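Please read the structure below before turning to the comments.
Quick caveat: nothing in here was measured; it's all calculated off a predicted structure. Remember, it's 1-based here, ligands and their atoms both numbered in the order they're listed.
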Amino acid sequence: MIESDCEGFIADLRRQYEKTYPHSGMAHARAKKVLVDGISHGARTFAPYPFHITKAEGAYVEDVDGHQICDFWQGHYANILGHNPPVVRRRLVEALEEGIGLQTGMLEERQAAFGSLLCDAIGGDRVRFTTSGTLATMYAIMMARAYTERDLVVKVAGGWHGASPFTLKGVHRVDGHFDRVDSAGVPEATDKEIVVTRFNAVENLNEIFETFGDRIACFILEPCPSGVGFIPATGAFMDAARELTRKYGALLILDEVITGFRFCAGGAQRLYDIEADLSTFGKVIGGGMPLSAVVGRGDVMDLISEEAEERVWFNGGTFSAHPLSLLAGQTMVKYLIEHEEEIYPALAAKGEKLRRGIERVFADRGVLARCSGYGNDAVPGSSVGGVYFPLEDCAPFRGEEFIDPRCCDVRLREEGLKLGLLLHQVNVVHGLGAISYQHSEKDLEHTLEAYDAFALRMARERS
Ligand code: PMP
């Protein structure tokens, strides 16, 4: 089955989904009257409509139709300890009961204490907190441009760093290419000043630096980009990124918004044994609350100081270092550091079990499907992953191929598999997503049964 002939298969899944999730359908119809497309984030919807929830705990969410859904989206991959983990929730409840938490705009000692915890875990000199990953990457790029007095930003095809004009190019494949601006309304400079390299392609990166080296302000890179299917950067690509940026006087920005505290209790850069000039963090470090940070070299970070001669206006916003976000984030990060040895190997083992199991159930039904998210020479294992349906068995895949319909059946994954699994109360994103520490062996077994039911459905459709 390829994109062109899965129409009937997907239409059938939609009908069954509508029958199974009727109250979500009604809730979504109401939402559409007031919210554009009925949502507040494009990644939270899918056809025919997304389910609406009432509760969330650990590995599960409960929806308005009363289903208990095993969730692998987990707060945009933020909820590494599952939804509403008691260790964080308790601290927030206590704080609110003590009458503290909603008084944003003051200084409290927690800011510096949490800042130094992060710097120690990550390996930077100074930190500035902000509220979203998008803002963190945007400010990091502004700092790199000011520091180097150069214009160009190099990024990876398919790489996602949030929706700021500095990064909105080469995210999606347009007309077969990953070098187009992704949004209307951005300045012309977005096209001119962003150069897109292929992921894990050392030669391509070399060529870019040879061609534009003296104009490049920074290379911004995710150690394991979600947009290209959670394939970790190779050690060679990461080394090339570090060496080329140094050689040409550009800065290396590692965007660790997803990878920070996801692979170990620090940045994934530790696993590669390199240090970025600037790193951006979000998601996990907020403990479920909106919090992000730029961490980095003192001489670069000082550009945002009031004492800087030519200051980068990363001044902060109303909710920067919000007290409840800091409390949740500090509690989470401390917990992860203290329990690193039990949490991360267990998470990686769960990831391995699920990925191998998914490949096995599809293979047993005669369906060609592969998982991404496996470790490599630098990353020993991971709790993230995707599923793809290659048009031919051409693994190992390059990152961009994960989202390229010429190489794999993207629609079957994004629409078919998504709905097929939801019919068995399993919620995935890009075929899988992120496993939390709260996903038990039983949950993984149940999840594999759901994949198997989908594989059987596909096998029947093809016969
Ligand atoms: N960088 C990366 C690697 C991300 O995955 C994301 C969000 N998915 C962002 C930046 C933007 O973060 P936010 O959604 O918090 O603005």
Check each heavy atom of Tyr77 against ligand 1 and say whether those closer than 4.0 Å belong to the side chain, the backbone, both or neither.
neither
Atom 11 (C) of ligand 1: which protein heavy atom is closest, and how many Å away?
Thr134 N, 3.4 Å
Would you give me the side-chain donor-acceptor pairs under 3.5 Å for residues 31-44, sequence neighbours excluded?
unit_1 : atom_1 : unit_2 : atom_2 : d
His41  : ND1    : Ala43  : N      : 3.0
Arg44  : NE     : His76  : NE2    : 2.9
Arg44  : NH2    : His76  : NE2    : 3.2

Subset of ligand 1 atoms that lie under 4.0 Å from at least one heavy atom of [X]:
X: Ile258; answer: 5 (O)
X: Lys283; answer: 5 (O), 7 (C), 8 (N)
X: His161; answer: 1 (N), 9 (C), 10 (C)
X: Asp255; answer: 1 (N), 2 (C), 3 (C), 10 (C)
X: Glu222; answer: 3 (C)

Flag if over 12 foreign heavy atoms under 6.0 Å of NZ, Lys334:
no
Is it true that the NZ or CZ of Arg413 lies under 6.0 Å from the centre of Tyr388's six-membered ring and within 45 degrees of the ring axis?
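Judged by the rule, Arg413 and Tyr388 form no cation-pi pair.
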Under 6.0 Å from the ring centre and within 45 degrees of the ring axis: does the NZ or CZ of Lys350 meet both conditions for the six-membered ring of Tyr437?
yes
Do the side-chain N and O atoms of Ser383 and Arg262 include a donor-acceptor pair separated by under 3.5 angstrom?
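Their side chains do contain a donor-acceptor pair, which is all the 3.5 Å distance test asks for.
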Side-chain donor-acceptor pair under 3.5 Å between Tyr147 and Arg297, yes or no?
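On atom types as modelled, these side chains qualify, holding a pair under 3.5 Å.
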Among Ser292, Gly162, Gly133, Gly260, closest by any non-hydrogen atom to atom 13 (P) of ligand 1:
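The residue whose heavy atom sits nearest atom 13 (P) of ligand 1 is Gly133.
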